[in-house]
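Any value given below was found using the heavy atoms of this structure, including those in side chains, with hydrogens, waters and symmetry copies removed. Along the sequence shown, residues are numbered consecutively beginning with 1.
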Amino acid sequence: MVKRGFRGLGLGLLAALWLWGCTGGGTPAVPADRTQAVSENRDGSTQAASENQNGSTQTAQEAQDSSTQAASENQNGNAQNGGPADRYGEIIDRSGDEGKLTVCFFDLEVGPDAKDKSGDAAVLISPDGKVMLLDAGHPDAGGIVVRTLKDMGIEKIDYLVASHPHIDHIGGVPEVLENFPVEKAYRSYLTYTTQTYQNYVEALETHEIDTESLKTGDSFSFGSQVQVEVLGPEEEIVYPDGFPENSTQFINDHSLVLKFTYGESTALFCGDLYRSAEREYLEKYGDKLQADLVKANHHGKDTSNSKKWIKTVHAKVVGAMGDEVGSMNVYNDYVKEGAEYHMTVNDGFIKIRMDDAGNYEVIDQKDSWMN
């Protein structure tokens with residue numbers, strides 16, 4: 001669903017529309033097949049072939065070159081034929097990205113035996129084409145991240161950022177580094193003791209990635225037109241007694257807090273901040289936290305996203321990544337504040353383009369009752 005400057009509907013109207021769809025008045029959204037985007041098999045054993053217009057058979061290489069276009073046409077055709085819409089082809093199409101700050105929230109999955117959620121991964125593309133991968137999801141989801149980046153035609157990652165060292169944010173990094181050259185990596189000063197964290201550090205070292213730790217007050221340029229301010233955490237980390245036992249909230253509260261500014265347009269990414277840390281940032285920064293595009297903290301759960309936080313950030317668009325709707329109260333609070341709220345669990349991949357004048361466009365992979 002493509003939207004330009006659309007403001008969120010009231011919860012009552014959304015609920016009525018959803019019930020209408022469920023009773024036969026409309027077509028309920030059903031999950032799209034994420035594997036529909038065509039990627040080359042790793043062992044190269046399966047080759048695509050399609051018949052050309054004069055009845056001859058294309059070579060496998062020709063079929064591979066046209067695979068993304070075919071996938072897009074098939075997905076658009078689903079909607080025309082009455083099936084569920086699937087705009088994956090539009091999500092990966094970068095032809096309209098030039099001159100825009102583009103953000104894509106990834107719709108991730110994990111295997112049935114995974115003990116952790118799929119997590120966060122987002123790719124940001126600067127107006128001049130620089131690429132930032134902000135988190136890379138669970139190890140099981142690394143393949144989705146790699147495949148999607150390749151489908152987008154990305155060949156190099158300029159900035160690899162880890163918001164915090166939980167498995168559902170850094171687990172996919174080693175697989176990403178096996179598939180893409182990375183110019184620079186950013187992380188906080190927080191360290192961890194898990195095997196996942198060790199795998200992440202070793203992957204950075206093995207691939208000789210220039211890595212820098214960020215702290216409050218730092219800033220860096222994302223391309224030539226976007227400035228990134230680091231609002232937290234501090235360089236000095238005071239670890240609690242018994243760390244890392246019972247440290248989930250502590251680690252989440254030490255997520256990187258990054259504000260992106262492109263002309264008059266802004267975006268805010270805060271990892272998995274809990275309400276306790278939100279209060280501290282509200283006291284320290286106040287209205288400086290306001291942003292047009294906001295990633296919902298901690299997958300949109302009510303451990304985070306307090307009403308005061310939501311009112312202060314006053315977002316136009318909110319993106320939440322997760323395996324389930326984190327909290328309907330959080331959703332409702334953002335909508336009441338005037339934001340569009342998009343969740344990967346219902347909307348699939350989500351793409352937002354922002355110009356330098358505060359205008360934006362949202363493309364959802366799937367139609368859902370939320371939007």
Side-chain angles (χ1 to χ4, degrees), residues 106 108-122 132-146 157 159-180 182 184-215 230 232-258 269-277 295-301 303-304 320-324 326 344:
F106 285 17
L108 303 179
E109 289 181 332
V110 293
D113 297 327
K115 298 179 181 179
D116 301 278
K117 54 189 175 292
S118 59
D120 281 8
M132 175 185 293
L133 180 64
L134 179 46
D135 290 334
H138 188 280
D140 283 8
I144 297 175
V145 175
V146 168
I157 296 171
Y159 310 89
L160 175 64
V161 182
S163 66
H164 63 291
H166 274 151
I167 188 171
D168 60 320
H169 291 258
I170 63 169
V173 168
E175 187 164 357
V176 169
L177 292 179
E178 288 292 333
N179 285 273
F180 297 94
V182 172
K184 180 93 174 183
Y186 288 112
R187 62 188 185 193
S188 74
Y189 282 87
L190 182 69
T191 61
Y192 204 19
T193 58
T194 62
Q195 185 60 53
T196 299
Y197 179 73
Q198 294 303 317
N199 294 343
Y200 159 75
V201 172
E202 289 173 6
L204 292 174
E205 293 174 348
T206 297
H207 293 277
E208 300 181 341
I209 308 301
D210 180 18
T211 304
E212 180 179 343
S213 295
L214 299 173
K215 64 183 184 303
V230 182
E234 301 292 338
E235 177 178 355
E236 182 179 358
I237 308 293
V238 180
Y239 295 89
D241 292 340
F243 181 84
E245 296 298 323
N246 302 315
S247 62
T248 297
Q249 181 173 342
F250 173 79
I251 291 173
N252 285 340
D253 281 349
H254 284 80
S255 296
L256 284 175
V257 176
L258 304 175
F269 287 76
C270 305
D272 283 354
L273 285 189
Y274 273 35
R275 293 188 180 210
S276 53
K295 186 194 83 73
N297 295 335
H298 200 207
H299 317 286
K301 295 182 178 181
T303 56
S304 314
M321 291 173 278
D323 304 302
E324 59 186 6
T344 56

For this session: Output all residues satisfying side-chain hydrogen bond (donor to acceptor under 3.5 Å, both in side chains) with Tyr189, sequence neighbours left out; order by chain, then residue number.
Result: none
Exercise. Just how far is it from atom CD1 of Ile170 to atom OG1 of Thr194, taken to the nearest 0.5 Å?
Worked result: 6.0 Å
For this session: Might you confirm whether atom CG of Asp210 has over 12 heavy atoms from other residues, nucleotides or ligands at distances under 6.0 Å?
Result: yes
Problem set entry | CA sep, side-chain torsions, deciding dist, call: His299, His169, ring pair (Phe, Tyr, Trp, His ring centres under 6.0 Å) | CA-CA 11 Å; His299 317 286; His169 291 258; 5.6 Å; yes
Exercise. How far apart are the closest heavy atoms of Ser118 and Ala141, and which atoms are they?
Worked result: O-CB, 4.5 Å
Exercise. Do Leu108 and His138 come close enough that some side-chain heavy atom pair is under 4.5 Å?
Worked result: no
Problem set entry | Under 3.5 Å: donor-acceptor pair, side chain of Lys295, backbone of Cys270 | no
Exercise. How many angstroms lie between atom CG of Asp253 and atom OG of Ser304, to the nearest 0.5 angstrom?
Worked result: 8.0 Å
For this session: Determine, stepwise, if the pair Lys215 / Glu236 fulfils side chain to side chain contact (heavy atoms under 4.5 Å, CB included).
Result: CA-CA 9 Å; Lys215 64 183 184 303; Glu236 182 179 358; over 6 Å; no
Exercise. How far does CG of Asp323 sit from CD of Glu109, to the nearest 0.5 angstrom?
Worked result: 8.5 Å
For this session: Indicate yes or no: at least one non-hydrogen side-chain atom of Val110 is less than 4.5 angstrom from one of Asp116.
Result: no
Exercise. Can you tell me how far CD of Glu175 sits from CG of Asp140, rounded to the nearest 0.5 angstrom?
Worked result: 9.5 Å
Exercise. Does some side-chain heavy atom of Met132 sit less than 4.5 Å from a side-chain heavy atom of Val161?
Worked result: yes
Exercise. With side chains defined as the heavy atoms from C-beta onward, is the minimum distance between Phe106 and Thr344 less than 4.5 Å?
Worked result: no
Exercise. Is the closest side-chain heavy-atom distance between Tyr192 and Phe243 below 4.5 Å?
Worked result: yes
Exercise. Any side-chain heavy atom of Val230 sitting closer than 4.5 Å to one from Leu258?
Worked result: yes
Exercise. Side-chain donor-acceptor pair under 3.5 Å between Tyr239 and Thr191, yes or no?
Worked result: yes
Problem set entry | Ser163 and Asp120: side chain donor to acceptor below 3.5 Å | no
Exercise. Rounded to the nearest 0.5 Å, what separation is found between the CD atom of Glu202 and the CG atom of Leu177?
Worked result: 12.5 Å
Seminar exercise, completed: Heavy-atom closest pair (Gly137 atom, Ala121 atom, distance to 0.1 Å) is N-CB, 4.1 Å
Exercise. Is the shortest heavy-atom distance from the side chain of Gln249 to the side chain of Ser276 under 4.5 Å?
Worked result: yes
Problem set entry | Glu212: salt bridge (Lys or Arg N to Asp or Glu O under 4.0 Å) partners, not counting sequence neighbours | Lys184
Problem set entry | Side-chain touch Val145/Leu133, heavy atoms, less than 4.5 angstrom | yes
For this session: Verify the distance criterion only: is there a donor paired with an acceptor across the side chains of His164 and Asp272 at less than 3.5 Å?
Result: yes
Exercise. What do the steps show when you test Phe180 against Val146 for side chain to side chain contact (heavy atoms under 4.5 Å, CB included), and what is the final call?
Worked result: CA-CA 8 Å; Phe180 297 94; Val146 168; 4.0 Å; yes
Problem set entry | Expected output: side-chain Thr211 to main-chain Ala185 donor-acceptor under 3.5 Å | no
Problem set entry | From OG (Ser255) to CG (Asn297), nearest 0.5 Å | 8.0 Å
For this session: Kindly determine whether Asn252 and His298 satisfy side chain to side chain contact (heavy atoms under 4.5 Å, CB included), including the steps that lead there.
Result: CA-CA 8 Å; Asn252 285 340; His298 200 207; 3.9 Å; yes
Problem set entry | Basic-acidic side-chain contact under 4.0 Å: Lys117, Asp168 | yes
